[in-house]
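Only one structure is covered here, and it is reproduced in the block below.
The shown structure was predicted, so the numbers you read here are calculated from the model rather than taken from an experiment. Below, all heavy atoms of this structure are taken into account, side chains as well, without hydrogens, waters or symmetry copies.
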Amino acid sequence: MMVKVSNLLKGAIELHAHSAPSIFPRKQTDWELVEDAKKAEMYGIVIKAHEGVSYDRAALLQEKNPEIKVFGGLVCNDFVGGLNVNAVDLALKMGARIIWMPTLSSSRHKKYFKENKKENILNPKKRMNNSENTISIFDGKKIKDSVKHILDLIAKNNRVLATGHLSSEDSYQLVLEAKKIGVQKILIQHVDLGISPYSLEEQKQLVKEGCYLEKCYLACSDDFKDIKIQDMAESIHTLGSSNCVLVTDYGQEHHIPVVEAMNSFVNKLTEVGISNQDINKMIVRNPKYLLEG
């Protein structure tokens, strides 16, 4: 990483990064990603893997890099048996900090990519099973018992529930159930990204429910162009920085590296009026509460 890194990244946590090993082409290996985060004097980084598991990789990276925090979790896609209570239970016992609802296996995700071809996004290096099967959090109109059990495990371990690529409507029902069960930390993923977008009114309602919202740099990228930086800044002002986290969702092979992307994101937001104090809330204070509070 050759760019000059903003001092704002000191102590920061990136909650949504992708790296190799992966079936998808990635810009960096886990090791390279962590090295960049260390050079930027970040506090920590979360590795997300659509393939399912990242908590074990995080544990090994942490052992070799005690000067930075490396976090992982579990994504409830088909590859781990979907909404698999036993997989979630084991993940939490093994140190997972975030349990993500289905991403690639959600109906919303499959519908979006069927209608919007993205050559550089989520195209695997090896052929995958192209099953049309999707994973729903519902049994009819009711939340599945397995989902309720997963939410209970997350609540008892005080970990983070992330909505993955569920639709905004499904996510809201999940949030209501999670709160009823006692989940304290809920992260609504990339609310401005076309894969699973949320209207501003929906975002306001989720803030009222106590959720944190991901403001995601990938939504501003040439791959998606779902929102402009200025408009994202205005939404942060409306929602309040105390309710948002900044993430990149970077790691794709054709993009700049994750930490460089976060640096660019922070600089662009400050240029359009987001204060240093608000940046600190969204990349230091809020993520640290979610992961360690």
Side-chain angles (χ1 to χ4, degrees), residues 1-22 26-49 54-73 95-98 100 159-160 162 185 187 189-190 212-221 229 232 236 241-252 255-271 274-293:
M1 186 176 61
M2 303 299 292
V3 299
K4 183 178 180 181
V5 176
S6 169
N7 287 332
L8 290 170
L9 262 61
K10 290 184 178 179
I13 300 172
E14 161 66 284
L15 284 169
H16 193 152
H18 296 283
S19 49
S22 174
R26 297 303 187 198
K27 185 72 172 184
Q28 295 175 297
T29 65
D30 292 345
W31 302 102
E32 291 167 332
L33 172 59
V34 170
E35 281 302 311
D36 274 2
K38 284 161 56 177
K39 289 175 184 175
E41 299 182 55
M42 294 174 65
Y43 181 82
I45 198 148
V46 175
I47 295 171
K48 180 181 179 184
S54 60
Y55 58 80
D56 51 357
R57 292 155 59 177
L60 289 172
L61 290 159
Q62 183 67 87
E63 185 174 339
K64 291 294 184 181
N65 297 276
E67 65 272 46
I68 190 170
K69 297 294 184 72
V70 186
F71 305 98
R97 295 301 177 103
I98 302 179
W100 290 275
R159 295 308 185 208
V160 180
K185 300 171 180 178
L187 181 61
Q189 297 222 263
H190 36 52
Y212 287 83
L213 311 182
E214 280 188 353
K215 290 294 169 176
C216 171
Y217 197 36
L218 190 64
C220 307
S221 71
I229 287 287
M232 185 177 286
I236 291 169
S241 60
S242 295
N243 307 304
C244 300
V245 295
L246 301 182
V247 304
T248 66
D249 195 3
Y250 268 49
Q252 300 80 17
H255 281 152
I256 58 176
V258 169
V259 174
E260 187 176 339
M262 180 61 86
N263 187 62
S264 174
F265 194 19
V266 164
N267 287 336
K268 287 182 179 179
L269 284 171
T270 58
E271 288 171 3
I274 299 295
S275 70
N276 289 357
Q277 182 180 12
D278 284 341
I279 294 290
N280 183 268
K281 285 181 186 177
M282 295 186 287
I283 64 174
V284 178
R285 193 180 78 182
N286 297 345
K288 194 168 185 181
Y289 162 73
L290 286 168
L291 294 169
E292 298 186 330

Between Ile236 and Leu246, is the side-chain contact (heavy atoms from CB on, under 4.5 Å) condition met? List the steps.
CA-CA 10 Å; Ile236 291 169; Leu246 301 182; 4.2 Å; yes

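- Between Leu187 and Leu290, the closest side-chain pair of non-hydrogen atoms falls below 4.5 Å.
- Take Asn286 and apply the side-chain hydrogen bond (donor to acceptor under 3.5 Å, both in side chains) test, not counting sequence neighbours, and it matches no residue.
- We find the CH2-CG distance between Trp31 and Asn65 to be 6.0 Å, quoted to the nearest 0.5 Å.
- Here the closest non-hydrogen pair linking Ala37 and Val259 is N-CG2, 3.7 Å.
- Residues passing the ring pair (Phe, Tyr, Trp, His ring centres under 6.0 Å) test with Tyr217 are Tyr250, Phe265, sequence neighbours excluded.
- Minimum heavy-atom separation, Ile98 to Ala162: CG2-CB, 3.8 Å.
- More than 12 heavy atoms of other residues, nucleotides or ligands lie within 6.0 Å of CD in Glu67, so this atom counts as buried by the packing criterion.
- Side-chain atoms of His18 and Gln252 form no donor-acceptor pair, as typed in the model, at a separation below 3.5 Å.
- Scanning both residues, Pro287 and Ile13, for their nearest heavy atoms gives CB-CB, 3.8 Å.
- Rounded to the nearest 0.5 Å, atoms CG (Leu15) and CZ (Phe71) are 9.0 Å apart.
- Ile45 contributes atom CD1, which lies 3.5 Å from atom CG of Leu33 (distance to the nearest 0.5 angstrom).
- Taking CG of Leu218 as the reference point, atom NE2 of His255 lies at 6.0 Å (rounded to 0.5 Å).
- Contact annotation: the side chain of Leu9 approaches that of Asn263 to within less than 4.5 Å [non-hydrogen atoms, C-beta and beyond].
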Derivation and outcome, side-chain contact (heavy atoms from CB on, under 4.5 Å), residues Lys48 and Gln189:
CA-CA 12 Å; Lys48 180 181 179 184; Gln189 297 222 263; 3.1 Å; yes

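- Taking CD of Gln277 as the start and CE of Met282 as the end, the distance is 10.5 Å to the nearest 0.5 Å.
- Asn280 places no side-chain N or O within 3.5 Å of a backbone atom of Asn276 that could act as its donor or acceptor partner.
- A donor and an acceptor atom, one from each side chain of Glu14 and Thr248, are located under 3.5 Å apart.
- Every residue two or more places apart in sequence or in another chain was checked for a salt bridge (Lys or Arg N to Asp or Glu O under 4.0 Å) with Lys27, and none qualifies.
- Summarising the geometry of Ala17 relative to Val258, their closest heavy-atom pair is CB-CG1, 3.9 Å, with the distance given to 0.1 Å.
- Residues passing the side-chain hydrogen bond (donor to acceptor under 3.5 Å, both in side chains) test with Ser241 are Asp278, sequence neighbours excluded.
- For the residue pair Trp100 and Ile47, the shortest heavy atom distance occurs at CH2-O, 3.8 Å.
- Side-chain contact of Asp30 with Ser19: a donor-acceptor pair under 3.5 Å is present, judged by distance alone.
- Using modelled atom types, one side-chain atom of Ser54 and one backbone atom of Gly73 make a donor-acceptor pair closer than 3.5 Å.
- Here the side chains of Met232 and Cys220 are in contact, with some heavy-atom distance below 4.5 Å.
- Distance alone, capped at 3.5 Å, places no donor-acceptor pair between the Glu292 side chain and the Tyr289 backbone.
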Verify side-chain contact (heavy atoms from CB on, under 4.5 Å) between Arg159 and Lys185, making sure each step is shown before the conclusion.
CA-CA 7 Å; Arg159 295 308 185 208; Lys185 300 171 180 178; 5.8 Å; no

Verify side-chain contact (heavy atoms from CB on, under 4.5 Å) between Lys10 and Met42, making sure each step is shown before the conclusion.
CA-CA 5 Å; Lys10 290 184 178 179; Met42 294 174 65; over 6 Å; no

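- Distance alone, capped at 3.5 Å, places no donor-acceptor pair between the Asp36 side chain and the Glu260 backbone.
- Taking the centre and axis of the six-membered ring of Tyr43, the NZ or CZ atom of Lys288 falls inside the cone set by 45° and 6.0 Å.
- Side-chain contact between Val245 and Ile283 is absent, with no heavy-atom pair separated by less than 4.5 Å.
- By the salt bridge (Lys or Arg N to Asp or Glu O under 4.0 Å) test, Glu35 is found to be paired with Lys38, residues two or more places apart in sequence or in another chain being considered.
- In terms of the salt bridge (Lys or Arg N to Asp or Glu O under 4.0 Å) criterion, residue partners of Lys215 (sequence neighbours excluded) are, by chain and number, Asp192.
- In this structure, Cys244 SG and Lys281 NZ are separated by 10.5 Å, a value rounded to the nearest 0.5 Å.
- Arg26 and Ser22 make their closest contact through NE-OG, 3.5 Å (heavy atoms, listed as atom of the first residue, atom of the second, distance).
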